[in-house]
*Asks:* 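Can you keep this structure in mind? I'll have questions shortly.
Every chain is numbered from 1 and lettered A, B, ... according to where its sequence line falls, protein lines coming before strand lines.
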Number of protein chains: 2
Amino acid sequence: MRISYKGDYALKAVLHLANRYEDGEVVPINEIAAANDIPRKFLEQIMLILKGAGLVDSRRGIGGGFFLKRPPAEIRLGEVVRLIEGDIEPIACAKTPPEPCCAEIGSCAFREIWAEVAAATAAIVDGVTFADIMRRQRELKSAHQGYHYEI
Amino acid sequence: MRISYKGDYALKAVLHLANRYEDGEVVPINEIAAANDIPRKFLEQIMLILKGAGLVDSRRGIGGGFFLKRPPAEIRLGEVVRLIEGDIEPIACAKTPPEPCCAEIGSCAFREIWAEVAAATAAIVDGVTFADIMRRQRELKSAHQGYHYEI
DNA sequence: TATAAATCCGATTTATTTAGTAGTATATAA
DNA sequence: TTATATACTACTAAATAAATCGGATTTATA
Ligand code: FES
Ligand code: FES
């Protein structure tokens with residue numbers, strides 16, 4: 001499962017909105033783009049995908065912008081990854097139900113290895129919520145601050 | 001880590017050679033291509049990559065072909081995958097040592113998740129040899145036979 | 001020594017995906 | 001009514017994937 005720029009941008013945008021989730025803050029796309037070094041028009045397309053999937057919602061016009069429809073603790077990393085990158089499985093036959101791949105799908109010795117890889121990957125990305133990621137981010141920030149002061 | 005056609009073909013070719021490894025059999029590319037439904041000229045390129053990496057060797061001319069340089073038990077799936085597909089890591093910052101990715105690599109909350117995914121994937125593909133895959137293939141073949149007889 | 005069988009190698013081609021950019025339409029708060 | 005913001009469609013350039021083409025070279029053997 002390769003993470004493209006599009007996927008990377010989507011994750012950062014969702015994390016940005018997660019950090020502004022309290023009190024239902026609405027964040028304009030310009031802020032998200034500027035803060036995360038994301039091409040603005042590209043981010044527009046990404047936000048529309050996230051909105052289409054019901055993950056975020058938006059308000060138009062002055063004072064408008066985007067916001068999460070669910071609290072960060074209820075959004076799993078895997079959900080965003082699948083939305084943007086598509087299947088987590090490295091090959092179609094590893095999906096459930098399996099889609100045809102080799103000629104003899106019933107006797108392919110590789111298929112179940114890819115299924116194992118998919119399961120292991122899914123366990124990780126579905127085991128982490130954006131609340132977890134926010135917490136981790138705060139830890140890293142304070143650790144980095146620490147280093148800074150020591151210098 | 002997405003498996004491309006090229007990677008799929010490479011794995012099948014190596015498995016084909018693994019099945020012919022005993023007594024140092026030499027297998028012409030036409031046989032590998034025909035048996036596995038691989039475009040012949042495309043497979044040529046793939047075999048040259050495998051040869052360049054020292055995984056297989058070849059003999060030219062009449063009676064020539066390809067053969068594994070090492071026994072199947074000493075070739076791990078991950079080795080072939082990395083050769084053809086490149087890095088197993090879903091993003092550059094997850095490599096060791098990490099390559100720059102986001103702006104602030106030291107404080108990115110996603111980085112270690114990708115590193116976990118990479119480690120889990122590597123553990124699977126590096127934990128399986130082509131001898132294991134051959135064994136698994138025989139099991140599947142006989143199971144399939146069984147079903148066949150029951151009908 | 002000619003011939004057929006096979007690998008070796010570089011170039012070209014076609015289609016798809018990626019990473020954007022452009023332009024316009026629509027909604028909304030002040 | 002105007003400035004600010006999203007919504008939507010289309011377009012483009014570059015990279016990658018998946019072959020395909022055309023030969024050059026090596027080698028066993030008839
Ligand atoms: S069935 Fe998918 S790799 Fe064999
Ligand atoms: S450093 Fe790679 S995703 Fe942030």
*Asks:* For A/Y9 and C/dG20, is the shortest distance between a side-chain N/O and OP1 or OP2 below 4.0 Å?
*Replies:*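 It does, given that an N or O in the side chain of A/Y9 lies less than 4.0 Å from OP1 or OP2 of C/dG20.
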*Asks:* Sugar-phosphate means primed atoms, P, OP1 and OP2; the rest is base. With that split, encode nucleotides 1-12 of chain C 5' to 3' as B, S or - using protein heavy atoms under 4.0 Å.
*Replies:* ---BBSBBB---
*Asks:* To the nearest Å, give me how far apart CZ (A/R2) and P (C/dT18) are.
*Replies:* 9 Å
*Asks:* What's the CD1-P distance between B/I91 and C/dA19, to the nearest Å?
*Replies:* 10 Å
*Asks:* Separation of A/E85 atom CD from C/dT17 atom C1', in whole Å?
*Replies:*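 Whole-Å distance recorded here is 12 Å.
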*Asks:* Where do B/R40 and B/E44 land on the salt bridge (charged side-chain N to carboxylate O under 4.0 Å, His left out) test, with the steps shown first?
*Replies:* CA-CA 6 Å; B/R40 193 241 149 135; B/E44 258 185 34; 3.2 Å; yes
*Asks:* Are A/S4 and C/dA19 close enough that a side-chain N or O sits under 4.0 Å from OP1 or OP2?
*Replies:*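 Indeed, a polar side-chain atom of A/S4 lies that close.
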*Asks:* Do NZ/NE/NH1/NH2 and the carboxylate oxygens of A/K12 and A/D8 come within less than 4.0 Å?
*Replies:*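 So A/K12 pairs with A/D8 through a salt bridge.
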*Asks:* Closer than 3.5 angstrom, by distance alone: can the side chain of B/E85 be matched with the main-chain N or O of B/S4 as a donor-acceptor pair?
*Replies:* yes
*Asks:* Return the value, rounded to whole Å, for the distance between atom CZ of A/F42 and atom P of C/dT18.
*Replies:*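 Interatomic distance, CZ of A/F42 to P of C/dT18: 9 Å.
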*Asks:* For a quick test of reading the model, state the closest non-hydrogen atom pair linking B/A13 to B/L43 and the distance between them.
*Replies:*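 Of all heavy-atom pairs spanning B/A13 and B/L43, the closest is CB-CD1, 4.0 Å.
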*Asks:* I'd like to know whether CZ of A/R59 has more than 12 heavy-atom contacts from other residues, nucleotides or ligands below 6.0 angstrom.
*Replies:*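 No, because the 6.0 Å sphere around CZ of A/R59 holds 12 heavy atoms or fewer from other groups.
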*Asks:* Side chains of residues 62-78 of chain B: which donor-acceptor partners sit under 3.5 Å, not counting sequence neighbours?
*Replies:*
residue	atom	partner	partner atom	Å
B/R70	NH1	B/E74	O	3.0
B/R70	NH1	B/E79	OE1	3.2
B/R70	NH2	B/E79	OE2	2.6
B/R76	NH1	B/D126	O	2.7

*Asks:* Taking atom P of D/dA7 as reference, at what distance in whole Å does atom CG of A/L43 sit?
*Replies:*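 One finds 12 Å between P of D/dA7 and CG of A/L43, rounded.
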*Asks:* Rounded to whole Å, how long is the line connecting atom CD of A/E31 with atom P of D/dT4?
*Replies:* 16 Å
*Asks:* Base, sugar-phosphate, or nothing: which does B/Y5 touch, judged by heavy atoms less than 4.0 Å apart?
*Replies:*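 Answer is sugar-phosphate: B/Y5 comes under 4.0 Å of backbone atoms only.
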*Asks:* D/dT6 C1' sits how many Å from A/L50 CG, rounded?
*Replies:*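 The distance from CG of A/L50 to C1' of D/dT6 comes to 14 Å, rounded to the nearest Å.
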